[in-house]
> 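This is the structure I want to talk about, given as structure tokens.
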Amino acid sequence: MHNRRQRQAVPVGDTDPYQPNPQRPVRCRARAMGHDTQIEPHHHAWGQLAYCASGLLQVTVAADPHPGGPACETTSIVPPSRAVWIPPLARHAVTMLEASQLLTLYVDASAVPDAWRTSRVLVVSPLLRELVLAMDQPHHASQAAQQQALATLVLAEMAHAPTQPLGVPMPDPQRGDRRLRALCEAVMNAPALHATLADWATHSGASERTLARLFREELGMGFQRWRQQVVLAHALPMLARGTPVSQVAAASGYASDSAFTAMFRSALGQPPTRFGPGAAA
């Protein structure tokens, strides 16, 4: 879907002017970011909604995949019709897969409900999109009531936004098995290259049996279920741009539209045609 190339890491920058507090629980930060730039891994005390008004983002958030399992990361590919919620204190990085207009909402921990303590992908409704854009406009001290009203509406719309299970778990970069990490990164970059774990294993330096065990131990799922998440993560942004289902199916490694549609409907409960332009409406 995107070429593998050297990414330019950019520092987080000064967040002080945007830091939320109980009096101003939602703050907006807007940045124009070039293709293949990455905001370095970091964390902060407040929550964050990562949204691009244009372009394409890849958001990676540290997460615990299952009780008793090792730490891992969850990676999501995010078009303008989706956004990623990042809970307070969660370590995360954001990569621009295309030149993007990045809008981040910083949400004070006091305004974060208990149910928002894990990362998730939100469907961005037209109302939520307009509220985020309104938060980016300059506001004077005399408009404090307006800012508070916008913040209340933003939080309410986020709370009611549908979620989608599109995050792809990745092995922990420090403590995870390096062979598994390398294989997962290869699949993320070219999910259509091979369909089976046996085919991928020939390039990994580990046996299929060993890799199958590592998937269960480190990611809490088998390879086929994990690869399906990768395919969905790549397919949704293409569909959101209006790419024909036949092209998305081929790019996902499916020999027929019907097989791709059956997988898609089984995973998300709707056919891929429901995720085209305007799907957030």
Side-chain angles (χ1 to χ4, degrees), residues 1-3 5-20 24-62 73-108 112 116 119-139 147 150-151 154-155 157-158 161 163-164 166-168 188 233-234 236-238 240-241 277 280:
M1 180 176 170
H2 57 280
N3 294 328
R5 53 187 281 185
Q6 186 66 37
R7 288 171 176 156
Q8 177 186 357
V10 298
V12 176
D14 183 12
T15 59
D16 288 349
Y18 309 97
Q19 184 170 338
R24 291 191 64 183
V26 182
R27 306 291 298 275
C28 182
R29 183 179 191 182
R31 285 170 284 181
M33 307 293 288
H35 175 220
D36 264 336
T37 58
Q38 181 186 62
I39 299 175
E40 297 175 333
H42 64 285
H43 69 277
H44 35 64
W46 53 87
Q48 174 178 321
L49 186 74
Y51 169 70
C52 62
S54 63
L56 190 66
L57 307 179
Q58 179 174 297
V59 182
T60 299
V61 184
E73 297 174 336
T74 300
T75 295
S76 305
I77 298 175
V78 190
S81 59
R82 306 290 183 267
V84 176
W85 166 251
I86 303 164
L89 301 177
R91 187 172 177 82
H92 58 281
V94 181
T95 300
M96 313 304 137
L97 302 182
E98 296 176 353
S100 302
Q101 181 65 21
L102 175 63
L103 294 166
T104 51
L105 294 185
Y106 295 154
V107 181
D108 190 72
V112 177
W116 294 14
S119 177
R120 62 190 65 190
V121 176
L122 304 182
V123 177
V124 177
S125 67
L127 176 57
L128 180 56
R129 177 182 184 276
E130 293 304 317
L131 288 171
V132 172
L133 294 176
M135 292 290 298
D136 180 41
Q137 302 304 312
H139 296 275
Q147 276 287 88
L150 280 173
V154 164
L155 293 173
E157 193 66 10
M158 287 173 59
T163 62
Q164 292 178 339
L166 298 177
V168 179
M188 279 292 293
H234 280 258
L236 265 167
M238 298 176 70
R241 289 200 194 98

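If you're wondering where the values come from, they're calculated on a predicted model, not measured in any experiment.
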> Mind checking the OG1-CG spacing from T104 to L57? Nearest 0.5 Å is all I need.
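One gets 10.5 Å once the value is rounded to the nearest 0.5 Å.
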
> Describe, in one word, how the ring planes of Y106 and Y18 are oriented to each other, choosing from parallel (under 30°), tilted (30 to 60°) and perpendicular (over 60°).
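Ring orientation, 0 to 90° scale: perpendicular.
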
> Could you tell me which non-hydrogen atom of M135 sits nearest to which non-hydrogen atom of C28, and how far apart they are?
O-CB, 3.6 Å

> Rounded to the nearest 0.5 Å, what's the gap from CD on E98 to CZ on R241? Could you check?
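The distance works out to 4.0 Å.
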
> For L128 and V123, run side-chain contact (heavy atoms from CB on, under 4.5 Å): C-alpha distance rounded to whole Å, both residues' side-chain angles, the deciding distance at 0.1 Å, then the answer.
CA-CA 9 Å; L128 180 56; V123 177; over 6 Å; no

> List for me each residue that meets ring pair (Phe, Tyr, Trp, His ring centres under 6.0 Å) alongside W85, sequence neighbours excluded, and say none if there are none.
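W116.
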
> Do you know which of T75, I39, I86, V121 makes side chain to side chain contact (heavy atoms under 4.5 Å, CB included) with V59?
I86

> How many angstroms lie between atom CD of Q48 and atom CG of L105, to the nearest 0.5 angstrom?
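Interatomic distance, Q48 CD to L105 CG, rounded to 0.5 Å: 8.5 Å.
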
> Measuring from R29:CZ to L102:CG, what's the distance to the nearest 0.5 Å?
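So the gap between those two atoms works out to 9.0 Å.
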
> In Å, rounded to the nearest 0.5 Å, how long is the span from CZ of R129 to OG of S81?
11.0 Å

> Just verifying a value: how many Å separate Q101 CD and R31 CZ, rounded to the nearest 0.5 Å?
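Atom-to-atom, Q101:CD and R31:CZ are 10.5 Å apart.
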
> Restricting to non-hydrogen atoms, name the atom on V124 and the atom on P80 that form the minimum distance, rounded to 0.1 Å.
CB-O, 4.2 Å

> Keeping S100 on the side-chain end and L56 on the backbone end, is there a donor-acceptor pair under 3.5 Å?
yes

> Can you name the nearest heavy-atom pair linking A90 to H43, along with the distance?
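So the minimum-distance heavy-atom pair works out to O-CB, 3.6 Å.
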
> Kindly give the heavy-atom pair with the smallest separation between M96 and G34, and that separation in Å.
CB-O, 3.3 Å

> Quick one, L155 with V107, criterion side-chain contact (heavy atoms from CB on, under 4.5 Å). Give me CA distance, side-chain angles, the key distance, then yes/no.
CA-CA 9 Å; L155 293 173; V107 181; 3.9 Å; yes

> Side chain to side chain donor-acceptor pair (under 3.5 Å) for H92 and H42? Distances and angles first, verdict last.
CA-CA 6 Å; H92 58 281; H42 64 285; 3.1 Å; yes

> If I compare all heavy atoms of A93 with all of Q38, which pair ends up nearest, and what's the gap?
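That would be CB-NE2, 4.3 Å.
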
> Which residues pass the side chain to side chain donor-acceptor pair (under 3.5 Å) test with S119, not counting sequence neighbours?
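Partners of S119 by the side chain to side chain donor-acceptor pair (under 3.5 Å) criterion come out as none, since no residue qualifies.
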
> Answer whether the closest heavy-atom distance between the side chains of P25 and P20 falls below 4.5 Å.
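No. Closest side-chain heavy atoms not under 4.5 Å.
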
